[in-house]
Participant: 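This is the structure I want to talk about, given as structure tokens.
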Amino acid sequence: METLKLSPSNSLPLPQQPVSLQTLPFSLLQSCKTQEEVLKVHAFSLRTGTFHHPFISSRFLALYARPQVNNLDYARSVFQLIHKPDLVSWNVLLKCYVENQRSHDAVSLFYELVHDFTPDVFTLPSVIKGCARLNAIQEGKQVHGMVLKIGCGLDKYVQSSLVSMYSKCGEISSARKVFEQIGVKDLVLCNSLIDGYARCGEVEFALQVFDEMPERDLFSWTALVDGFSKCGRIELARDIFDRMPSRNMVSWNALINGYMKSGGFVIARQLFDEMPTRDIITWNSMIAGYEFNGRFMDALYLFLTLLKEGPVPNHTTLVAVLAAVSGLAILGKGKWIHSLMVKSGVEPEGVLGTSLINMYSKCGSVESALTVFRSISRKKLGHWDAIIVGLGMHGMANHAIGLFSEMRRCGLKPHAITFLGVLNACSHAGLVDLGRQYFNMMVRKNGIVPAVEHYASLIDILCRAGNLEEAKDITESMPMQPNKNIWMSLLSGSRNFGNVKIGEYAAQRLIEVAPDTIGCYVMLSDMYAAAGKWDKVSWVREMMRKRRIQNDLGSSCIEQRHAS
DNA sequence: CTAGGGTTAG
């Protein structure tokens, strides 16, 4: 803060002489519209020594927290300079945390605040909103209890945020209950409930509240469009959208997301081309939507268009386009996006770090994945998961297992995906005993209920090592239906170790689960050939002809380099 | 010495 430069301003009437408090008038503080202007007055106030006046510093806090500026880092640092912050300052900072998607920290801040103050009608809506963002229904209910205890239940801001919180957390009946107890139901309150009904697919109720309310605004209409889109009722969402008296960007974006979610990427594109203006969320919806639909090339092309003619990409954009590049496995493009990030100073923290690690692993460069992993200073569980899965994918079992141990030494608890990564690593490296050991550790020590993928991995490990009986036993004792991959593992193990009996069994079950699996017939015939059972070989070939099963044409793709 | 802070949609 001390290094801020005091630049002469044309727009602001800064006094030239050393001043007392009177010469830094309230109106000057209030007149700041942009962060730049706040910084100028801030610098000036530091130079004249007025900044540390308790009244002034709390004003600066509010200025940095204003929606037009919304600079959490500055707000936080100003807050720390305030000697004894009053409740208003706490409230301002709390709101700023929530608005900057730091709801977790906001809730912690709230617990801290409660030590010194009784929260008031300004504190509660912010923390309730934070709980809603986090989907933290337990904490939300605690705060609700506090609302009743303190006696803030009649405040309409508190009421709306509570209804909205229950709506977003999927507790629509609780939302309704709170709603019903309220005497005068205003527009915002109704909108919150409409949103709740729409997003859980309660079409009738949503429309009923909508029809019965005295007046409707853009929020009411858009809550319907968005909610119906979210629960997959895209035709209904379209119908509402077409009937809207006016629309804004949020309404268009909601509909685009709805089409993307239900596979309608062509219509989504039409809407995208048709809409009057687009913001970064529109672009992100399209890029992520293409990626979600497996249209990786479209996602990448749209990202290129965005760079040429759109607004500045953000973290969400990068996560989506990196996922698309991973799907395409084009290392060159991935590196290029990474270099864009480095050039613009974007740190690979959080989800973005995970995306980069995944991208490099899937594009075949574990070395780069490791470099990214090591460069992340505050490693989260997701980063460990990604690198362990990546190393496992590349058969670097020892490295994966080493990192797995290191991760546990750091005090992080591995979860289902981490174990899947380790198991896959064991399978690639043929580490039977370790694989079994990790599987048991997962179940017994970590209390994780294995998913079908975990069983698939364990069975694959056993089959590769020739423990076919043990693998077959597991297929019979596991609590869910074995899938195609599991029978393929068992069949391929049987072929490799010449166990015709188990092989036939696996093939039979495989055909029941997935009759079109070509590999099944190929492997079966290989197995018979290896065992010298030529009559069975021709029987399999005959069956393939009868069922019109043909080998896929082989295909591969190469990356083309453009001079740029 | 004051006044300042909060709710619903992508």
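Predicted model only: the values in this text are computed from it and were never measured. Lettering of chains follows the sequences in order, A, B, ..., and the numbering in each one begins at 1.
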Participant: Just compare dG10(B), dT7(B), dG5(B) and give me whichever is closest to any side-chain atom of Lys95(A).
Facilitator: dT7(B)
Participant: To the nearest Å, give me how far apart CD1 (Ile82(A)) and P (dG5(B)) are.
Facilitator: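 Atom-to-atom, Ile82(A) to dG5(B), this comes out as 14 Å.
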Participant: Just one of Tyr74(A), Phe60(A), Tyr64(A), Trp90(A) clears the ring-ring contact (aromatic ring centres under 6.0 Å, His included) bar with Phe79(A), so which one?
Facilitator: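 Checked Tyr74(A), Phe60(A), Tyr64(A), Trp90(A) against Phe79(A); only one passes ring-ring contact (aromatic ring centres under 6.0 Å, His included): Trp90(A).
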Participant: Can you tell me how far apart OG1 (Thr123(A)) and CG (Asn91(A)) are? Round to the nearest 0.5 Å.
Facilitator: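 That separation rounds to 3.5 Å.
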Participant: Test: ring pair (Phe, Tyr, Trp, His ring centres under 6.0 Å). Region: residues 162-188 of chain A. Which pairs qualify, not counting sequence neighbours?
Facilitator: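 Counting only pairs at least two positions apart or across chains, the ring pair (Phe, Tyr, Trp, His ring centres under 6.0 Å) contacts touching residues 162-188 of chain A are His144(A)-Tyr166(A).
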Participant: When the ring centroid of Trp252(A) is compared with that of Phe241(A), is the distance short of 6.0 Å?
Facilitator: yes
Participant: From C-beta outward on Glu99(A), which listed nucleotide comes closest to its side chain: dT7(B), dG5(B), dG10(B)?
Facilitator: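 Nearest listed nucleotide: dT7(B).
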Participant: Hey, could you give me the NE2/CG distance between His383(A) and Leu412(A), rounded to the nearest 0.5 Å?
Facilitator: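 Separation between the atoms: 11.5 Å.
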Participant: Hey, what do you get for CG (Asp226(A)) to CD1 (Ile240(A)), rounding to the nearest 0.5 Å?
Facilitator: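 That separation rounds to 12.5 Å.
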Participant: Under 5.5 Å centre to centre and under 30° between planes: does that hold for Phe219(A) and the six-membered base ring of dT8(B)?
Facilitator: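 It does: the ring sits over the base of dT8(B).
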Participant: Please identify each residue that fulfils ring-ring contact (aromatic ring centres under 6.0 Å, His included) with Tyr197(A), with sequence neighbours left out.
Facilitator: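 Phe205(A).
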Participant: Would you mind reading off the distance between Leu63(A) atom CG and dA3(B) atom P, rounded to a whole angstrom?
Facilitator: 17 Å
Participant: Looking at dG5(B), dT8(B), dA9(B), which one has an atom nearest to any side-chain atom of Leu87(A)?
Facilitator: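 The answer is dG5(B).
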Participant: Checking Thr282(A) against Asp279(A): is there a side-chain donor and acceptor pair closer than 3.5 Å?
Facilitator: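 Present: a donor and an acceptor within the cut-off.
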Participant: Calculate the interatomic distance between Tyr64(A) atom OH and dG5(B) atom C1'; express it in whole Å.
Facilitator: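 So the OH-C1' distance, Tyr64(A) to dG5(B), works out to 18 Å.
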Participant: Does atom CZ of Arg199(A) have more than 12 heavy-atom neighbours, drawn from other residues, nucleotides or ligands, at distances under 6.0 Å?
Facilitator: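 For Arg199(A), atom CZ is crowded (more than 12 foreign heavy atoms under 6.0 Å).
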Participant: What's the CG-C1' distance between Leu224(A) and dT8(B), to the nearest Å?
Facilitator: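 In whole Å, dT8(B) C1' lies 13 Å from Leu224(A) CG.
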Participant: Whole angstroms only, please: what is the CG-C1' distance between Asn314(A) and dG10(B)?
Facilitator: 13 Å
Participant: Is Ser192(A) side chain donor-acceptor paired with the dT8(B) base, going by distance under 3.5 Å alone?
Facilitator: no
Participant: Answer with yes or no whether Asp86(A) presents, from its side chain, a donor or acceptor under 3.5 Å of a partner atom in the base of dG4(B).
Facilitator: yes
Participant: Can you pull out the residues from residues 170-182 of chain A that lie within a 4.0 Å heavy-atom distance of DNA chain B?
Facilitator: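 Listed by number, there are none.
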Participant: Can you tell me if Lys379(A) has over 12 outside heavy atoms packed within less than 6.0 Å of its NZ?
Facilitator: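 For Lys379(A), atom NZ is crowded (more than 12 foreign heavy atoms under 6.0 Å).
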Participant: Roughly, in whole Å, what's the span from CE in Met213(A) to C1' in dA9(B)?
Facilitator: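 It works out to 12 Å between those atoms.
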Participant: Pick base, sugar-phosphate or nothing for Arg278(A), based on heavy-atom distances below 4.0 Å to the nucleic acid.
Facilitator: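 Since no nucleic acid heavy atom lies under 4.0 Å of Arg278(A), the category is nothing.
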Participant: Respond yes when some side-chain nitrogen or oxygen of Lys230(A) is under 4.0 Å from OP1 or OP2 of dA9(B), and no when none is.
Facilitator: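 Checking dA9(B) against Lys230(A), no side-chain N or O comes under 4.0 Å of OP1 or OP2.
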Participant: What's the spacing between Ser192(A) OG and Lys168(A) NZ if we round to 0.5 Å?
Facilitator: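 Ser192(A) atom OG to Lys168(A) atom NZ measures 7.0 Å (nearest 0.5 Å).
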Participant: How would you label the contact of Asp186(A) with the nucleic acid (heavy atoms, under 4.0 Å): base, sugar-phosphate, or nothing?
Facilitator: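 Counting heavy atoms under 4.0 Å across all strands, no contact is made by Asp186(A).
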Participant: Answer with yes or no after comparing the ring centroid distance for Tyr360(A) and His338(A) against a 6.0 Å cut-off, counting only values under it.
Facilitator: yes
Participant: Which parts of residues 118-131 of chain A get close to DNA chain B, meaning a heavy atom less than 4.0 angstrom away?
Facilitator: Asp120(A), Val121(A), Phe122(A), Pro125(A), Ser126(A), Lys129(A)
Participant: So, does Arg216(A) get its side chain near the phosphate of dT8(B), meaning an N or O under 4.0 Å from OP1 or OP2?
Facilitator: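 Arg216(A) to dT8(B) OP1/OP2: no side-chain N or O under 4.0 Å.
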Participant: Which one, dG5(B), dA9(B), dT7(B), comes nearest to the side chain of Ser161(A)?
Facilitator: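 Given the options dG5(B), dA9(B), dT7(B), the side chain of Ser161(A) is closest to dT7(B).
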Participant: Measure OH/Tyr166(A) against P/dT8(B) and give the value in whole Å, please.
Facilitator: 16 Å
Participant: Can you run down the ring pair (Phe, Tyr, Trp, His ring centres under 6.0 Å) pairs that involve residues 266-313 of chain A, sequence neighbours left out, and say none if there aren't any?
Facilitator: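 Every pair satisfying ring pair (Phe, Tyr, Trp, His ring centres under 6.0 Å) with a residue in residues 266-313 of chain A: Phe272(A)-Trp283(A).
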Participant: Measuring from the side chain of Asp226(A) (C-beta onward, heavy atoms only), which nucleotide among dA9(B), dT8(B), dG5(B) has the closest atom?
Facilitator: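 Nearest to the side chain of Asp226(A) among the choices is dA9(B).
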Participant: So Val92(A), base contact, sugar-phosphate only, or nothing? Heavy-atom distance under 4.0 Å.
Facilitator: sugar-phosphate
Participant: What nucleotide among dG5(B), dA9(B), dG4(B) has an atom nearest to a side-chain atom of Ser164(A)?
Facilitator: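 Given the options dG5(B), dA9(B), dG4(B), the side chain of Ser164(A) is closest to dA9(B).
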Participant: Counting only heavy atoms and a strict 4.0 angstrom limit, can you tell me which residues of residues 232-259 of chain A come near DNA chain B?
Facilitator: Asn248(A), Met249(A), Val250(A), Asn253(A), Asn257(A)
